[in-house]
Every structure is written in structure tokens, then in C-alpha cells.
Amino acid sequence: QVQLVESGGGLVQAGGSLRLSCAASRSIFSVSFMAWYRQAPGKQRELVARITSGGSTNYADSVKGRFTISRDNAKNTVYLQMNSLKPEDTAVYYCNAVGAYSQYNYWGQGTQVTVSS
């Protein structure tokens, strides 16, 4: 199987930036999309950003214009650049990879992002 490992989380003041990374243990074939989800205490898990194998992206309305998802296929890594962070962005962020035709569904262990007011 493929392991996804997130990194780059931490504590940051409101208005600051963080760059999350998600590294795959090996190349992933027939990928449909890579995505970042997050879950805050007392809230449901939500989709934050998604990128397809062709490079198309979409974002949750709450992060649109502030977050950017990207991929580096040579490094088997997907990134989430988070700018203008708000306290409501505080959550555990999870990396997700879904194969074409939902052939697979891989998840990372999560990385904590805390934004102070």
C-alpha cells in the first residue's frame, strides 16, 4: 500500500502563513485527485482543497483566495500553501489520495495547525 505522511503544521499567529506537505511512500498511479481535508474540534471533517492529475483545482469557499494546493510529481508530494490564516482555520489537516474509479483511497495521519488570535 501507499503511505501518506503530512508535515509542516504548527502554531502561527492570525495573518501568518504555513506550508503543509504530504509525501507519498511511492509513486501513485491512476490517481483521480489529491486533496486536503481538515477537522476542527466539534466540527465535521471538511474538504479544503483538491487537485486532479490534470492540474485542475477547487477549494472550499472558506479558504478560497487564501490557500493554494499544488503537486510535485518528481517528489511524490502534494502541498497546501496557507496564507492569511485565521483562528477558524485551526484543525487537524489530512492528506487524501483517491484513485481513478475510486480504485483506492489513501489517508495520512494528519498534522495539527493552530492559529492564535
Side-chain angles (χ1 to χ4, degrees):
Q1 69 167 4
V2 173
Q3 290 186 323
L4 303 178
V5 180
E6 302 97 336
S7 62
L11 175 64
V12 65
Q13 291 183 328
S17 298
L18 285 173
R19 183 177 176 86
L20 304 184
S21 299
C22 172
S25 59
R26 61 173 175 84
S27 298
I28 303 174
F29 294 94
S30 300
V31 64
S32 180
F33 62 84
M34 301 283 290
W36 286 95
Y37 287 78
R38 68 185 181 187
Q39 187 163 23
K43 297 185 63 177
Q44 294 182 333
R45 183 184 65 184
E46 66 172 336
L47 175 65
V48 177
R50 180 167 54 194
I51 185 168
T52 70
S53 60
S56 298
T57 60
N58 66 280
Y59 300 90
D61 288 341
S62 59
V63 307
K64 198 169 299 180
R66 300 187 297 120
F67 291 10
T68 303
I69 187 170
S70 61
R71 292 176 62 183
D72 186 338
N73 291 334
K75 297 181 179 180
N76 298 323
T77 302
V78 62
Y79 303 95
L80 185 67
Q81 178 67 47
M82 305 185 295
N83 298 325
S84 302
L85 283 162
K86 305 174 180 179
E88 49 263 46
D89 295 319
T90 295
V92 177
Y93 284 71
Y94 299 93
C95 183
N96 174 234
V98 177
Y101 312 106
S102 298
Q103 187 174 357
Y104 57 79
N105 190 351
Y106 301 130
W107 290 90
Q109 295 300 303
T111 184
Q112 176 71 49
V113 171
T114 303
V115 184
S116 62
S117 60

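What you are looking at is a predicted structure, and each value in this text was computed from that prediction instead of being measured.
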Item to check | Pair Y37-V92, side chain to side chain contact (heavy atoms under 4.5 Å, CB included): steps then yes or no | outcome: CA-CA 8 Å; Y37 287 78; V92 177; over 6 Å; no
Supply the atom-to-atom distance [X] [atom1] to [Y] [atom2], rounded to the nearest 0.5 angstrom.
X   : Y    : atom1 : atom2 : answer
Q13 : S117 : CD    : OG    : 9.5 Å
L80 : M34  : CG    : CE    : 12.0 Å
L20 : T77  : CG    : OG1   : 12.5 Å
R19 : S17  : CZ    : OG    : 11.0 Å
I69 : Q81  : CD1   : CD    : 12.0 Å
C95 : Y79  : SG    : OH    : 11.5 Å

Next on the checklist: Check this for me, if you would: do D61 and K64 make a salt bridge, where the nitrogen-to-carboxylate-oxygen distance has to be below 4.0 angstrom?
Outcome noted: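 Here D61 pairs with K64 in a salt bridge, since their nearest N and O are under 4.0 Å apart.
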Do [X] and [Y] come within less than 4.5 Å of each other through their side chains, counting heavy atoms only?
X   : Y   : value
L85 : F67 : yes
D89 : M82 : no
E6  : W36 : yes
V2  : R26 : yes

Next on the checklist: Check this for me: Q109, atom CD, are more than 12 non-hydrogen atoms of other residues, nucleotides or ligands nearer than 6.0 Å?
Outcome noted: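 Counting other residues, nucleotides and ligands, CD of Q109 stays at 12 neighbours or fewer.
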Next on the checklist: With clusters defined by side-chain heavy atoms of hydrophobic residues (ILVMFWY) lying less than 4.5 Å apart, directly or transitively, does Y93 cluster with Y106?
Outcome noted: yes
Next on the checklist: Could you see if Y59 belongs to whatever hydrophobic cluster contains V115? Use Ile, Leu, Val, Met, Phe, Trp, Tyr and a side-chain cutoff under 4.5 Å.
Outcome noted: yes
Give every donor-acceptor pair under 3.5 Å between a side-chain atom in residues 45-53 and any protein atom, sequence neighbours left out.
from : atom 1 : to  : atom 2 : distance (Å)
E46  : OE2    : R38 : NE     : 2.6
E46  : OE2    : R38 : NH2    : 3.1
R50  : NE     : N58 : OD1    : 3.1
T52  : OG1    : G54 : N      : 3.3
T52  : OG1    : G55 : N      : 3.4
T52  : OG1    : S56 : N      : 3.2

Checklist entry - How far apart are the closest heavy atoms of V78 and S70, and which atoms are they? => result CG2-O, 3.1 Å
Item to check | Heavy-atom closest pair, residues G9 and V113 | outcome: CA-CG2, 4.2 Å
Next on the checklist: Can you classify the ring geometry of Y94 versus W107 as parallel (below 30°), tilted (30 to 60°) or perpendicular (above 60°)?
Outcome noted: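 Plane angle over 60°, so perpendicular.
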